[in-house]
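Given the structure is predicted, the values throughout are model-derived calculations rather than measurements. So that the names make sense, note that chain A is the first sequence line, chain B the second, and so on, each numbered from 1.
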Amino acid sequence: AFLLTKFVILYMKCGKMLDARQVFDAMPKRNVVSWTMMIAGYAQHGQCEKALALFCQMQQVGVQPNRFTFPSVLRACAALVSLERGKQVHGHIIRSGFESDMVLGNSLVDMYVKCGSLECAQQVSDEMPERDVVSMTLMIEGYAKCGSLKIARQMFEEMPERNVITWTAMIVGHSQHGPGEEALKLFNQMKRVGVKPDQFTFASVARACACLVAVKEGKQIHAQVIRSGFHSYVVLGTALVDMYAKCGRIENARQVFDVMSARDVVSWNAMIAGYGKHGRGKEALQLFEQMLQAGVSPSYVSLISVLSACSHAGLVEEGWNYFNCMGREYNITAEAEHYACMVDLLGRAGRLDEAQDLIQKMPLKPS
RNA sequence: AAUUAGGGCUACAGCC
């Protein structure tokens with residue numbers, strides 16, 4: 001059983017969940033550790049319904065979850081944004097008497113934050129016998145993300161220790177809700193006190209520069225990214241592409257895009273949207289076609305960017321074509337945003353009758 | 001042998 005457990009872990013580490021599950025199912029005996037690691041694997045790979053199903057199953061066969069099991073279960077609830085199931089699990093934890101475990105407490109706080117219930121999160125946090133940097137960072141993130149920057153700031157300043165995650169959470173909060181300059185200040189401050197930014201931090205700061213249209217600062221960030229050796233991260237590369245694009249430096253954006261070692265659909269979208277915003281519709285559409293050729297499946301955001309590019313460049317026929325074929329060709333259902341782009345496109349082109357017609361045919365209510 | 005926190009793309013309009 002010990003060896004089989006090792007195998008399951010190995011499979012899960014390389015993302016082979018099906019193989020892991022096969023070994024798990026074939027195990028002659030499963031104890032609480034085997035169940036817990038399988039649930040953890042599903043939760044870590046975003047297969048949350050499976051994680052919760054397994055959690056039910058383990059109880060049905062009479063295996064009692066322990067303090068290692070619940071955090072993964074809560075993580076699944078959080079990812080599903082299911083406050084209802086999260087609360088059920090919380091009740092279960094109280095009945096099981098694991099309330100005083102810190103990791104478990106942190107998981108509860110995280111679940112409530114992610115499900116949007118800051119009051120419950122705060123209550124759990126207050127009732128914890130002791131808190132660590134994770135507990136504090138979770139609450140700061142919760143407050144910062146909903147715009148309660150004052151509270152977040154106060155907790156941040158009262159903390160005995162702050163790590164790179166704490167700083168990044170503050171930066172994200174301020175770039176979303178605050179004066180964006182504050183995000184850059186925090187970034188400089190963190191470096192001054194000797195906390196090393198990582199790829200998460202840099203991506204957040206790049207985004208802050210994009211929102212502020214701060215090319216100068218953005219370029220400095222870019223240089224630091226290269227010096228720090230983080231340039232190969234897809235998310236970070238994309239954030240830089242977007243930063244340059246939003247600052248109107250399309251050629252710089254394209255340079256970063258071209259040297260990226262890997263690109264996902266978000267990277268393509270950022271570049272396409274960049275062209276679109278600056279009226280370079282043809283290039284946007286060209287890039288979209290290249291993306292398809294590269295075998296990347298478009299997302300609903302891709303189509304928003306494409307339609308919006310058509311709208312900015314007055315490409316009415318092209319817009320209609322993409323709009324009409326997106327369901328069949330790319331399996332993407334037209335949502336309110338896509339309709340809005342089309343209405344905008346037709347409106348700008350002076351084809352108000354067609355726009356009217358489209359609004360009337362919309363399957364959803366206009367906003 | 002198993003458990004917890006942070007990052008990128010998303011139309012149009014509005015305020016001044």
Is there a donor-acceptor pair under 3.5 Å between the side chain of A:Ser311 and the backbone N or O of A:Leu307?
no

Here the distance between atom C1' of B:rU10 and atom CD1 of A:Ile272, to the nearest Å, is 12 Å

Looking across every strand, which nucleic acid part, if any, lies under 4.0 Å from A:Ser107 by heavy atom: base, sugar-phosphate, or nothing? sugar-phosphate

Taken to the nearest whole Å, CG/A:Asn269 to P/B:rC9 is 11 Å

Looking across every strand, which nucleic acid part, if any, lies under 4.0 Å from A:Asn163 by heavy atom: base, sugar-phosphate, or nothing?
base

Here the gap from A:Thr238 atom OG1 to A:Asn269 atom CG, rounded to the nearest 0.5 Å, amounts to 9.5 Å

Q. Are A:Ser299 and A:Ser302 linked by a side-chain donor-acceptor pair shorter than 3.5 Å?
A. yes

To the nearest angstrom, the OH-P distance between A:Tyr42 and B:rU3 comes to 16 Å

Atom CG of A:Asp264 and atom C1' of B:rG7 are separated, to the nearest Å, by 13 Å

The reported gap from CD in A:Glu354 to CH2 in A:Trp320 (rounded to nearest 0.5 angstrom) is 6.0 Å

For the backbone of A:Ser125 and the side chain of A:Arg131, can you confirm whether one donor and one acceptor N or O come within less than 3.5 Å of each other?
yes

Exercise for the section: Would you mind classifying the nucleic acid contact of A:Arg131 as base, sugar-phosphate or nothing, using non-hydrogen atoms under 4.0 angstrom? Expected result: nothing

Contact class for A:Ser204 vs. all strands (heavy atom < 4.0 Å): base, sugar-phosphate, or nothing?
sugar-phosphate

Within residues 239-248 of chain A, the residues having a heavy atom closer than 4.0 Å to RNA chain B are A:Ala239, A:Asp242, A:Lys246

Practice problem: Indicate yes or no for a side-chain donor-acceptor contact from A:Arg162 to the backbone of A:Thr137 under 3.5 Å, with no hydrogens or angles considered. | Solution: no

Ignoring hydrogens and angles, state whether a donor on the side chain of A:Ser34 or A:Asn31 is under 3.5 Å from an acceptor on the partner side chain.
yes

Taking B:rA5, B:rG6, B:rG8 as options, the one with an atom nearest any side-chain atom of A:Phe200 is B:rG6

Looking at the rings of A:Tyr322 and A:Phe288, which for Trp means the six-membered one, are their centres under 6.0 Å apart? yes

Using residues 170-178 of chain A as the side-chain source, report each donor-acceptor pair under 3.5 Å to any protein atom, sequence neighbours left out, with the distance given to one decimal.
| residue | atom | partner | partner atom | Å |
| --- | --- | --- | --- | --- |
| A:His174 | ND1 | A:Met170 | O | 2.9 |
| A:Ser175 | OG | A:Val172 | O | 3.3 |
| A:His177 | NE2 | A:Lys145 | O | 2.6 |

Taking atom types as modelled, find out whether A:Asp126 and A:Gln122 have a side-chain donor-acceptor pair closer than 3.5 angstrom. yes

Pairing string of RNA chain B (Watson-Crick or G-U wobble, both atom distances under 3.5 Å; | = paired to other strand) is ................

Side-chain contact check for A:Val103: nearest option of B:rU10, B:rU3, B:rA1 is B:rU3

Which of B:rU4, B:rG8, B:rA5 is nearest the side chain of A:Val266? It is B:rG8

In whole angstroms, the gap separating P of B:rC12 from CD of A:Glu335 amounts to 17 Å

Ordered by number, residues from residues 3-21 of chain A within less than 4.0 Å of RNA chain B (heavy atoms) are A:Thr5, A:Ile9

Next on the checklist: Evaluate A:Glu182 against A:Arg153 for salt bridge (charged side-chain N to carboxylate O under 4.0 Å, His left out), listing each step before the verdict.
Outcome noted: CA-CA 11 Å; A:Glu182 208 51 45; A:Arg153 171 72 68 154; 3.3 Å; yes

Under 6.0 Å between ring centres: does that hold for A:Phe257 and A:Trp268? yes

Note to self: OP1 or OP2 of B:rC12 versus the side-chain N and O atoms of A:His312: is any pair under 4.0 Å?
What the structure shows: yes

### Task
Assign A:Ala340 to base, sugar-phosphate, or nothing according to its heavy-atom contacts below 4.0 angstrom with the strands shown.
base

Ranking B:rG6, B:rG7, B:rA11 by distance to the side chain of A:Ser308, first place goes to B:rA11

note: A:His278, atom NE2; B:rA11, atom P; distance rounded to Å ~ 13 Å

Check your understanding: Does the side chain of A:Lys114 get closer than 4.0 angstrom to OP1 or OP2 of B:rG6 through an N or O atom?
Key -> yes

Over all strands shown, is A:Asn31 touching base, sugar-phosphate only, or nothing at heavy-atom distances under 4.0 angstrom?
base

To the nearest angstrom, the CG-P distance between A:Leu346 and B:rA11 comes to 18 Å

**Item:** A:Ser107 vs A:Asp110, side chain to side chain donor-acceptor pair (under 3.5 Å): CA-CA, chis, key distance, verdict
**Value:** CA-CA 5 Å; A:Ser107 305; A:Asp110 185 40; over 6 Å; no

**Request:** Pick base, sugar-phosphate or nothing for A:Thr201, based on heavy-atom distances below 4.0 Å to the nucleic acid.
**Result:** base

Subject >> A:Gln44 side chain near B:rA2 phosphate (N/O to OP1/OP2, under 4.0 Å) >> reply: no

Requested in this report: Would you mind classifying the nucleic acid contact of A:Val134 as base, sugar-phosphate or nothing, using non-hydrogen atoms under 4.0 angstrom?
Outcome: base

From CG of A:Leu108 across to P of B:rA5 the rounded distance in Å is 13 Å

Please confirm whether the backbone N or O of A:Gly274 pairs with a side-chain atom of A:His278, one donor and one acceptor, at under 3.5 Å? yes

Numerically ordered, the residues 63-86 of chain A set in heavy-atom contact under 4.0 Å with RNA chain B is A:Asn66, A:Arg67, A:Phe68, A:Pro71, A:Ser72, A:Arg75

| Do the side chain of A:His338 and the main chain of A:Glu335 share a donor and acceptor less than 3.5 angstrom apart? | yes

Phosphate OP1/OP2 of B:rG7: any A:Arg207 side-chain N/O under 4.0 Å: no

Testing B:rC9, B:rU4, B:rA2 for proximity to the side chain of A:Ala40, the answer is B:rA2

Among B:rU10, B:rC9, B:rG7, the one nearest any side-chain atom of A:Leu236 is B:rG7

Could you give the side-chain donor-acceptor pairs of residues 45-56 of chain A under 3.5 Å, partners two or more places apart or in another chain?
| residue | atom | partner | partner atom | Å |
| --- | --- | --- | --- | --- |
| A:His45 | ND1 | A:Gly41 | O | 2.9 |
| A:His45 | NE2 | A:Met12 | O | 3.2 |
| A:Gln47 | OE1 | A:Lys50 | NZ | 3.2 |
| A:Glu49 | OE1 | A:Arg85 | NH1 | 3.2 |
| A:Glu49 | OE2 | A:Arg85 | NH2 | 3.2 |

ask   = Contact class for A:Val113 (heavy atom, under 4.0 Å): base, sugar-phosphate, or nothing?
value = nothing

